[in-house]
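Below is one structure, written out as C-alpha cells; comments come after it.
Position 1 is the first residue of the sequence; numbering continues from there. Both backbone and side-chain heavy atoms feed into the values below; hydrogens, waters and symmetry mates do not.
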Amino acid sequence: MIDTVLILDFGSQYTQLIARRVRELNIYCEIVPFNKIPEDLSACKAVILSGSPFSVLAEKAPVPNLETIQGKLPLLGVCYGAQYLSHNFGGEVGQSNTREYGRANLSMIKAEEPFFKGVEEGSQVWMSHSDTIKALPVNAVRLASTKDVLNAAYRLDGEDTYAIQFHPEVYHTTHGKQVLQNFLVDIAGVSQDWSPDSFVEKTVEELQEKVGDDKVVLGLSGGVDSSVAAMLLHKAIGKNLYCIFVNNGLLRKNEFSEVLDQYKGMGLNVKGVDASNRFLDALKGLTDPEEKRKAIGRVFIEVFDDEAHLVQDVKWLAQGTIYPDVIESVSVTGGPSATIKSHHNVGGLPDFMKLKVVEPLRMLFKDEVRRVGASMDMAEKLLGRHPFPGPGLAIRILGDITPEKVRILQEVDAIFINGLREWGLYDKVWQAGAMLLPIDSVGVMGDERTYEKCVALRAVESTDGMTADWVNLPYAFLQKTSNDIINKVKGVNRVVYDISSKPPATIEWE
C-alpha cells in the first residue's frame, strides 16, 4: 500500500498546486472536498488543509470535521487552513487593515524547528489573504513572522499540527518545496515511493479491475494526453481498446493524415473519422467562447456515439482528461473551487449515450503525463509535442468560425510552428500557437492599400499549464516569421506577439 497524503479542498485555485508540489517529492496525494473526508484513512500518513476564497469569519465558511484527523495524523493548515485552526481552537482571526497579497519575507524563524530546516531568515514567501491571525490557538508556538504578519507560522504543542499563513505551493515561495518536504518526510514520515513506474503499475491494475473484459473506445488526438491514456489502456485490455481519431476540421495543417501515420507501429487499433463538416456546421454563427466549446463537446459526443454503435457491445468511452482540464472546469472532486472555463471533455456524458467514462490520467499534470509515457518507452517526439486545445483552432479564432478563417489560421500556425522547429526553439517552448483576431487593420502592400486580418503569436513556458510565462523569442526569429506570414498567407497584413503571462491572462485567448 502506497503512503498517501490527503489534501482537503476548501475551494482555492492553488489546491492543485499543493498536489503538484507533493508529487514532485515522489509522494502520492489525493484531493477531496473538505466535507467528504474518507472513513478509511489507513493509507493516509498526513493531511493538508488548503487555502480558500472564503473567510473563516463568513456565515457560510467551510467547516471540516477533523475528529478523525487532528491529533491522530500529522496536519498542515495552509492560509485558510491555518486561520481555521486558529479560529476554532482558541485563537483569534480578524480582518487585516490591508489585504496581504504578494511577496513577503520570513523573519524570527525558529531555526531549531524541523519544520523550517534549510529555510533561511529573510526567505521569500507568497501571501494571499484578507484576514489575518491576530492571536494563536491555545498551546501554540509561533515559528515565524513577516514584516506585516506576526503569526506567519505556528505549531500546536503536543501534536504534529502545523499552520502557515503563506502558500508554500506557489513558485514565488522560494523554499516552499523544502517546507513541504520537512513536514511530510521529516515530521510525518511519509515514504517517497510514488513514481511514474508505480503509477503505471497501479493504473493498469485498476483499469483491469474496472473495465474487465469490456470494450473501450478512445478518442485519439495525436497529443500527449490521449496517446499516453491509450497506451495505459492498451497495456490493461489490449485488443478490447478501439481508438478513433476524429478530424473536427479545426486541426493544424495536414494534422489528420500525419497523426494517423504517427500511430503506426504502436500496436494500437486506430480508425480515422473525418467529421469536419459536421463540426463546422455546428459552429456556424457562434461567437461566444463557451458556446463554441459546448458545441464542439456536443458534436464530439455525437460522433463518438455514432462510432461506438459500430463496435459491438462497447461499454466504455476513454478520455485523455488531465488535472488542469478538470480543475479549471469544476473542482476535481466536487468541492467549492471556482470555475474558470469549461473543457470539451469534462463533465460527463448525456443520457442518450449509454457509455461509461474512464479517464486514467484525470489526476495527473502535463509533465507527469510525459514522465508516465517515458516510463512506457513511448517515442520522445510524441511525448515532447506541445499541448493543443481539444476544441482546436475554434478557440484560437476569436469570433465566428468560417472555413476561410480556418484556412488562414492553419497557414499562419504552420509557419510559426515549423519556424520554431527550424530555429531549434520548439523544445524550449511549452506551448505555442497563433490567434486570428476579429479585427481588420489598414496596411500597404506594394502600391495598394490593404484592409486585412491581424494575427497574434503566442509562446509560453510552463510545467503544468496552471501558470505560464511568455517566452522571449529572438527578435530575428519574430521578424522572419512575421515577414513569412504576411508574404505567404493571403488575408493577413499584421502580426503581433502576445507578452502576457498566466495569471492574469490564460494561455488561450478564449
Ring centers of His386, Tyr426 separated by less than 6.0 Å: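 Yes.
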
Are the aromatic rings of Phe166 and Trp126 close, with centres under 6.0 Å apart?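 When the ring centroids of Phe166 and Trp126 are compared, they turn out to be at least 6.0 Å apart.
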
For Leu184 and Val5: C-alpha separation, side-chain torsions, deciding distance, then whether side chain to side chain contact (heavy atoms under 4.5 Å, CB included) applies. CA-CA 8 Å; Leu184 294 172; Val5 172; 3.8 Å; yes

Just by distance, no angles: are the side chains of [X] and [Y] close enough, under 3.5 Å, to form a donor-acceptor pair?
X: Ser226; Y: Ser221; value: yes
X: Gln178; Y: Asn182; value: yes
X: Trp194; Y: Asp3; value: no
X: Gln16; Y: Glu169; value: no
X: Thr321; Y: Glu359; value: yes
X: Tyr154; Y: Ser86; value: no

Evaluate the side chain to side chain donor-acceptor pair (under 3.5 Å) criterion for residues Asp131 and Ser55: first the C-alpha distance (whole Å), next the side-chain angles of each, then the deciding distance (0.1 Å), finally the verdict. CA-CA 7 Å; Asp131 294 337; Ser55 165; 2.4 Å; yes

Donor-acceptor pair, [X] side chain versus [Y] backbone, under 3.5 Å?
X: Lys72; Y: Leu66; value: no
X: Ser501; Y: Ile499; value: no
X: Asn139; Y: Asp157; value: no
X: Arg142; Y: Arg155; value: no

Do the non-hydrogen side-chain atoms of [X] and [Y] ever get within less than 4.5 Å of each other?
X: Thr203; Y: Leu361; answer: no
X: Gln431; Y: Glu461; answer: no
X: Leu268; Y: Leu218; answer: no
X: Val119; Y: Val179; answer: yes
X: Leu457; Y: Val496; answer: no
X: Leu76; Y: Leu49; answer: no
X: Phe365; Y: Ile322; answer: no
X: Arg23; Y: Met363; answer: yes

Lys110 bridged to Glu113 by N-O distance under 4.0 Å: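 So Lys110 does not pair with Glu113 through a salt bridge.
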
Taking Glu508 first and then Arg396, would you say they form a salt bridge - that is, a charged N and a carboxylate O separated by under 4.0 Å?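 Salt bridge present between Glu508 and Arg396.
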
Whether Lys202 engages the ring of Tyr28 as a cation-pi pair (distance to the six-membered ring centre under 6.0 angstrom, angle to the ring normal within 45°) should be assessed.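 Yes, Lys202 sits over the ring of Tyr28.
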
Parallel, tilted or perpendicular: rings of Phe183 and Tyr162 (30°, 60°):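 The arrangement is perpendicular - the two ring planes meet at more than 60°.
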
Rounded at 0.5 Å granularity, tell me how far CD1 in Ile7 sits from SG in Cys29.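 Going from the CD1 atom of Ile7 to the SG atom of Cys29 covers 4.0 Å.
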
What distance do Asp469 atom CG and Ser462 atom OG have between them, rounded to the nearest 0.5 Å?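 Answer for the CG-OG pair, Asp469 versus Ser462, is 8.5 Å.
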
Is the CD atom of Glu120 crowded by more than 12 outside heavy atoms at less than 6.0 Å?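 Atom CD in Glu120 is not crowded, with 12 or fewer foreign heavy atoms closer than 6.0 Å.
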
Counting neighbours of CD on Glu67 that are heavy atoms of other residues, nucleotides or ligands and sit closer than 6.0 Å, is the number greater than 12?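 Result for CD/Glu67: open.
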
Name the residue from Val372, Leu382, Val369, Asp367 that meets the side chain to side chain contact (heavy atoms under 4.5 Å, CB included) definition with Val224.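 Only one of Val372, Leu382, Val369, Asp367 forms a side chain to side chain contact (heavy atoms under 4.5 Å, CB included) with Val224, namely Val369.
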
List for me each residue that meets ring pair (Phe, Tyr, Trp, His ring centres under 6.0 Å) alongside Tyr497, sequence neighbours excluded, and say none if there are none.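 Result, ring pair (Phe, Tyr, Trp, His ring centres under 6.0 Å) vs Tyr497: none returned.
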
Taking only residues two or more places apart in sequence, or in another chain, which ones meet Phe388 in a ring pair (Phe, Tyr, Trp, His ring centres under 6.0 Å)?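 With neighbours one apart ignored, the set is empty.
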
Might you work through the side chain to side chain donor-acceptor pair (under 3.5 Å) test for Asp40 and Ser42, ending with a clear yes or no? CA-CA 6 Å; Asp40 183 5; Ser42 58; 2.8 Å; yes

